[in-house]
Each structure stands twice: as C-alpha cells, then as structure tokens.
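Here the structure comes first, spelled out in structure tokens, and everything after it is commentary.
Letters A, B, ... mirror the listed sequences (proteins, then strands); counts begin at 1.
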Protein chains: 2
Amino acid sequence: MSQKITLKKIAHDLKVSISTVSKALRDSHEISVETRNKIKVYAKKYNYKPNSIALSLKNQKTKKIGIIIPEIVHHFFATVISGIEKVANEKGYQVIICLSGESFAKEVVNMDVLANGSIDGFIMSLSKETMEKQDFHHLEEVLNQGMPIVMFDRVVEGIECDKIIIDDVAAAHSATEFLMRKGRKNLAIISTVDYVNVGRLRTKGFKEALEKRGMEFTENRVLKIENAENCSKEIDDFLKKDDYDGVIAVNELFAVIASKSLKKMGKSIPEDVAIIAFTDGILSKYASPTLTTIGQNGEDMGGLAATKLIERLESKEDVEESYETVIVKTSLVERESTPQ
Amino acid sequence: MSQKITLKKIAHDLKVSISTVSKALRDSHEISVETRNKIKVYAKKYNYKPNSIALSLKNQKTKKIGIIIPEIVHHFFATVISGIEKVANEKGYQVIICLSGESFAKEVVNMDVLANGSIDGFIMSLSKETMEKQDFHHLEEVLNQGMPIVMFDRVVEGIECDKIIIDDVAAAHSATEFLMRKGRKNLAIISTVDYVNVGRLRTKGFKEALEKRGMEFTENRVLKIENAENCSKEIDDFLKKDDYDGVIAVNELFAVIASKSLKKMGKSIPEDVAIIAFTDGILSKYASPTLTTIGQNGEDMGGLAATKLIERLESKEDVEESYETVIVKTSLVERESTPQ
DNA sequence: TGTTTCTACGAAAACGTTTTCGGCTTTTTA
DNA sequence: TAAAAAGCCGAAAACGTTTTCGTAGAAACA
C-alpha cells in the first residue's frame, strides 16, 4: 500500500526544492532540461498526479458542479444528469449530485453543504415542497455569495439566474390542437396540482387551445393529481365520468395508467380514445399501445444547463446581470396511441 | 454580492487571532465566554460556515464518495445511486458521479481524476468494455494507494475488495424452476454475451435448473445479445425458431420486446408463453401484460455498498484483508406474464 | 515577596499546490 | 577585466482550516 506521492516527497527524494519539482513538471524554462527530465521520469514512475483538493484551495475553484434534483429514479431527471455529466466532463468538471426527495428542508441543507466551497456552481430543479412554500431564501443566499445557479424544468420567476425550460403552454397547446385536428372533440387532461408549475402551465395551454377553437373549457375536464403513488383509482374515476375521445397526460406514468384504465373499460386506443403524454421516456416507447408523446429532450436540457453554467464560471465575472431563459424545443413523437 | 466570510476576516474584523476565532466557534474552554459569544454572534450574523475544501486538505478526508457506473439512464443504476445517496447523506458524505458510458477508457480516466484527492473511496459497477478486456489495472492501482473500493452488480473475481451482488445463478435457477412448476417444458433464455457476468451466470442457472430436472439443455435455447440498441429483430427471429412456452429474459427490456414479439406472432401471454424478467423496474410494472420479475433491490444494494464503504473508511484501517462479498436476496414478483 | 498555577490568547505548523521574488553561478558583452 | 545578462534554483507566501505549543498577565499559594 504505497501512499500517494506528493511534490514534497519527490523533492525530498531527488534532493531539490518543492518549487523546482512543481516548475519542472509544468515544463518551466527556469529549470534545466536535465533536472526537468530527471524529475519527470521520477514523477512518471511513481504516477504523480497533483492533488485536486490542494489545487481547489489554491485556485479557489473546485471544477465541480453541484446538481440538486428531487429524484434520480425518474427517467427525465436521469437523462438531464446524463446530459450535464457529458458536457461537464468534456470541460474538465465533475458533478456532485444531491437529492432533495421533494423535501424543502433537504434541499436547503444540501445547498448549504455544497455551497461551502465544495462546488463552483449549481444546476437544479426545485422540490415540490419548495414550489408549494414559495420560499427561496436559500437560492438567494447562494446567488448573493456570487455563486451562479442554472435552474431547469421546475424554475421560479422571482429568482434572477439562467433558466432552461420548455414552453409548456405552447407544447400543451399544440398537443391539444393535434388531437382536435384528428377530429377529437371531447378532450381531457390529467395534470398535477397547480403549484407544480409544469402542471399549471400545461393545463393553461390545454385551455387556450380549446378556447381558440371555440370549444368549451370546464374544470371538470381537468384532473389534478397531487400524489403519484396511488393515482390509479383517481384516474379510473375521472375517466368514467365522461366519454372522452382524447386525453393529454402531463407525464408518461399518468398516460400509461389512463391507457390501462380505458382498456379495462372496453375502449380501444386510439380508435375510441387518443392519448398524448408529456415526456418521451422509456414507458412511452414500450407500453402497449406505444404512446404518442411530447418529447422534452432531457439530455439536451442538461447539456445546455452545463454549458451555460460553465460559461458563466469561466467568463471574467463582469458580464453580470445578463441572465437568460432558454426555451428548449419540444417534439411530437407520433406512436400508436393517436390515429394516423 | 458579499464574498464568503472566512476565519481570517472574522479575526481581522474583531481584532483577535485566527486561532481564537477557530477555537471560539468550536466552543473551546481556552477562550473566555465573553470573547466566545462575541465571535459566535458575529459568525452567525455573516453566516459563517467552514470551507470544506480547506477541511479536506487539513484532514486528508473529503467526505465524498465517488460513484462510477456505466449509465445513469437505466432504472437499476438509478435506484442504486438513490440508495447510496441516502445512506451517504445520513452519514455526512456527498456523492460524486461519473459515467463510463460502457467505455474502458472513460472508466480509467474518471477513476484517475477522482482518485487524486477528490474522494475517499469508490463504489462502482464495471463497464462492458472493461469486462471484455479483463484489464483491471486501474482498480488495482487505486486499491494499492489504500483507497477502498466497493463493487456491485458487475464485479470481478480477481480484485480484492468488498462486493455487493445478487446470486445470479440461484436466481435464474429458481426462476426456471418456477416456470417448470407451472408446467412449462420448452424453455428459452434471452441473455447477453458471456463476458457480461450477469448474463453468463444467469444462463448458467438456467442450464443447471434444466439439467437438474433431466431436461435437455442446448445452446439454441439461448439468445446472447451483444447490443441492446437493435435487438428487436434478433429476438423476433429467435422466438420464431421454436415453439417455446416459457421465456426468461435477463432484463426487462428484453422481456418487453419478447412479449411484443410473441403477441405479434399471435401467442397469448401467459397462456401460450410465460415470461419472467430480471430487474423489477418501471417497465415490468406498466407493460401489457405486466411482467413477473426477479427483483434485485437496487436501493438496498446501493445502501449496503455505501454502508460498507463508510464503515471501512471510518474504521482505523487496521482491519485489512477482511473483504466481504454480500449476496443480496432477490424476490420473485408475480404479475400477469406468468400463470397463476 | 517570590513562586506556582490558571486563564486567555497568539504564533506557527501542517495539509499540497503554484507563483513571485530574490540570489547565486556562469556566461556574455563592452 | 569589470559589468551586465542569462541560467538555474530555492524561500516564502497564499488558499482556509485545526491544533499544538508558548507566553503574558493575573490569581493563588507559601
């Protein structure tokens, strides 16, 4: 078990000073070619690599990005992380991941811990509880310390930082129009409670599309689910209340459950009822029938977030106050759950 | 934008020495109650938190765990991470995640980068390429430096470290027996190429179960898939070759694709063909029909890995050479794809 | 009064780097 | 031959902590 080698040990073994070793390894012309080679050979032999903690302390940069998200066992978030990691790694950054588990308290603690020097900046999507509480002091504190944040998906208006989102209203709007063009006239949406902004915005787009076509929007066309755990019965009951011929779901899980429920009721998909889901994930691709979805490319969103954050980290900090909100394009992926 | 406050600044502002501030904040009796309070109030006011990088350097401990896995967009790995994160966080550790993308080179680079002081230990599952190459020098180097590794799922015999696995042979064996007890006589397995150990071991269990019952095992009962990307056709062709009444798949994806393929061929599940999949993930739960699976509890495996690693990190390093391989129990989750 | 014991604080080292500056030799130039 | 320049290297500071040790002054003791 050979302990990690340091500049100091090399210096001692080779009977030169630490500064000489450091310079030699960085190919400084201040050091003679002879000495340089001797040191390099020795360093190579013992596989010297500079200690990153020491570098972080010296440079006041960690080359690490903190990610705080509600859950990781969630296809969308997993793709976002994957996108972040890819870009970050290319640019020499590592990612540290903390999960809030949808809890405000954990989000705050995690941010506190990471903000104490462990990372250079944050990429995050807020927990449900935070959205409900509307308490963002932890974000403001971090920003106030000069540490940049990039938010994605679950973002909030009041906070001044870069944001990566999809245009939920427009996407829901066009999905609704798509169904109407297919001749569907009695539409419903399975959404989340309003404090989750994506649910609220998607419902809004749905409503706008209906009204634009002069169709009636009533609240009973909307199911607002709070807890995804036991939503099967809720969805069952909701779908039985009327004879819908088109359903939009704000995520694939709701869509799959709705699909099963409808099949149980003897309806066939897409002939009797067409279904469109948000999030083009693994479920949509392999459900029966496969689901038409609005794809929000998580990988792209993550990549963008990382790019933006790193840009800000590496620019000379004087470009303050030019925060941007990037709207990522969605794409409609047609599959079996909507008619040709 | 108030810069982060340090001991030095507090000391300067309050006209005391840095050591006094440090001691006061750690409630040392060496400092008078008066001074202590003054310092604490000031620190609280400016929200002082010790810089974790400085602590890491001083203590030679980062309180960070490095995770290297092939992919994160994969339900099983996501659950493992979730399990690791939970336990780690409870014990005051953060997790740094690197993805190898199934590439040997990336795995090596990632390990190198993290091993240079960024973390205290590794939890990892090897990339396919690494398994194929059978080159583990990067693992040995890290272990040799005294940095502990805990491997899970894709592990390798030759390396001396803690391991968390499921008993793939036994699990496949009992799944096969389960099908036979249901009266199925013509069984097949959809597996991976042999260098992926889970595929090899599960195939082995399948074979053993057949032979134990005096049934014939032939290689044509086995489909070995190398690349999951375009396996649909392979599976189609394989299933057409014989009239199987029971299929075991080494992951849910293969099972879902097989299920679709069989339905297309006009077979009904589970009446004509029963299916069992490894990995109890989201697909199994929501596919049509829902899949009977062998659950390998990723969350538990992750939690165990984290517990083991942290134990080793915090024990006084003298308990060397007592490496353990923990075998996590699997559970058969019965759903619609097998008969009652 | 002289010695010892507390009390309360500061100086400095250590963790592993990088970099600035200063200085000693040797070579070049006038 | 003396001065200037170049070549080569080391000392030290800095990043932010914690901790050991030293010490000044005050209080207690003889």
Side-chain angles (χ1 to χ4, degrees), chain A residues 3-40 42-43 46-64 92 113 115-120 145-147, chain B residues 3-40 42-43 46-64 113-120 145-147:
Chain A
Q3 268 306 307
K4 209 65 194 136
I5 195 162
T6 66
L7 288 187
K8 193 196 271 196
K9 281 189 209 122
I10 299 182
H12 174 261
D13 293 356
L14 261 42
K15 308 204 189 311
V16 292
S17 77
I18 294 176
S19 14
T20 301
V21 179
S22 174
K23 287 174 191 165
L25 292 177
R26 322 192 88 241
D27 249 327
S28 161
H29 60 275
E30 283 186 32
I31 308 298
S32 71
V33 180
E34 209 180 355
T35 316
R36 246 187 278 176
N37 283 338
K38 183 179 63 178
I39 292 175
K40 281 197 208 161
Y42 197 84
Y46 288 98
N47 194 27
Y48 170 80
K49 298 275 170 53
N51 179 298
S52 74
I53 295 289
L55 284 180
S56 294
L57 186 58
K58 174 116 191 61
N59 302 331
Q60 299 287 80
K61 304 220 164 147
T62 62
K63 289 283 200 168
K64 296 198 185 358
V113 172
N116 295 319
S118 295
I119 59 163
D120 296 338
Q145 278 176 197
M147 182 172 287
Chain B
Q3 268 306 309
K4 211 57 195 140
I5 195 161
T6 66
L7 287 187
K8 193 196 270 195
K9 278 188 211 124
I10 299 182
H12 175 260
D13 293 355
L14 261 41
K15 307 203 190 312
V16 291
S17 77
I18 295 177
S19 15
T20 302
V21 179
S22 174
K23 288 174 189 166
L25 293 177
R26 325 192 87 239
D27 250 326
S28 162
H29 60 276
E30 283 186 31
I31 308 299
S32 70
V33 180
E34 210 180 356
T35 316
R36 247 187 277 175
N37 283 337
K38 184 178 63 178
I39 291 175
K40 280 198 209 161
Y42 197 85
Y46 288 97
N47 194 28
Y48 170 80
K49 298 272 172 54
N51 180 298
S52 74
I53 296 289
L55 284 180
S56 294
L57 186 59
K58 175 115 191 58
N59 301 332
Q60 299 288 79
K61 304 222 163 145
T62 61
K63 289 281 200 171
K64 296 199 187 352
V113 172
L114 289 188
N116 293 318
S118 295
I119 59 164
D120 297 337
Q145 279 175 194
M147 183 173 287

What heavy-atom pair brings A/Ile10 and A/Tyr42 nearest, and what distance separates the two atoms? CG2-CD2, 3.9 Å
Work out which heavy atom in A/Gly117 is nearest to a heavy atom in A/Thr62; give both atom names and the distance. O-CG2, 3.0 Å
Check whether any side-chain heavy atom of [X] sits under 4.5 Å from a side-chain heavy atom of [Y], and report yes or no.
X: B/Lys4; Y: A/Asn116; value: yes
X: A/Ser118; Y: B/Lys64; value: yes
X: B/Lys40; Y: B/Asp27; value: yes

Can you tell me which residue among A/Ile39, A/Ile31, A/Thr20 is in a side chain to side chain contact (heavy atoms under 4.5 Å, CB included) with A/Leu25? A/Ile39
What is the distance, rounded to the nearest whole Å, between atom CD of A/Glu34 and atom P of C/dT26? 14 Å
Without decimals, in angstroms, what is the distance between B/Asn37 CG and C/dA8 C1'? 15 Å
Rounded to the nearest 0.5 Å, how far apart are CD of B/Gln60 and CD1 of A/Ile53? 9.0 Å
Give A/Ser56 one of three labels, base, sugar-phosphate or nothing, depending on what nucleic acid heavy atoms sit under 4.0 Å from its own. nothing
Kindly determine whether A/Arg26 and A/Ser28 satisfy side chain to side chain contact (heavy atoms under 4.5 Å, CB included), including the steps that lead there. CA-CA 6 Å; A/Arg26 322 192 88 241; A/Ser28 161; 5.6 Å; no
Angle of first-five versus last-five pair axes in the helix from C/dT1-D/dA30 to C/dA30-D/dT1, to 10 degrees: 70°
Going 5' to 3' through nucleotides 10-20 of chain C and flagging B where a protein heavy-atom sits under 4.0 Å of the base, S where only the sugar-phosphate is that close, and - otherwise, we get BBB-BBBBBBB
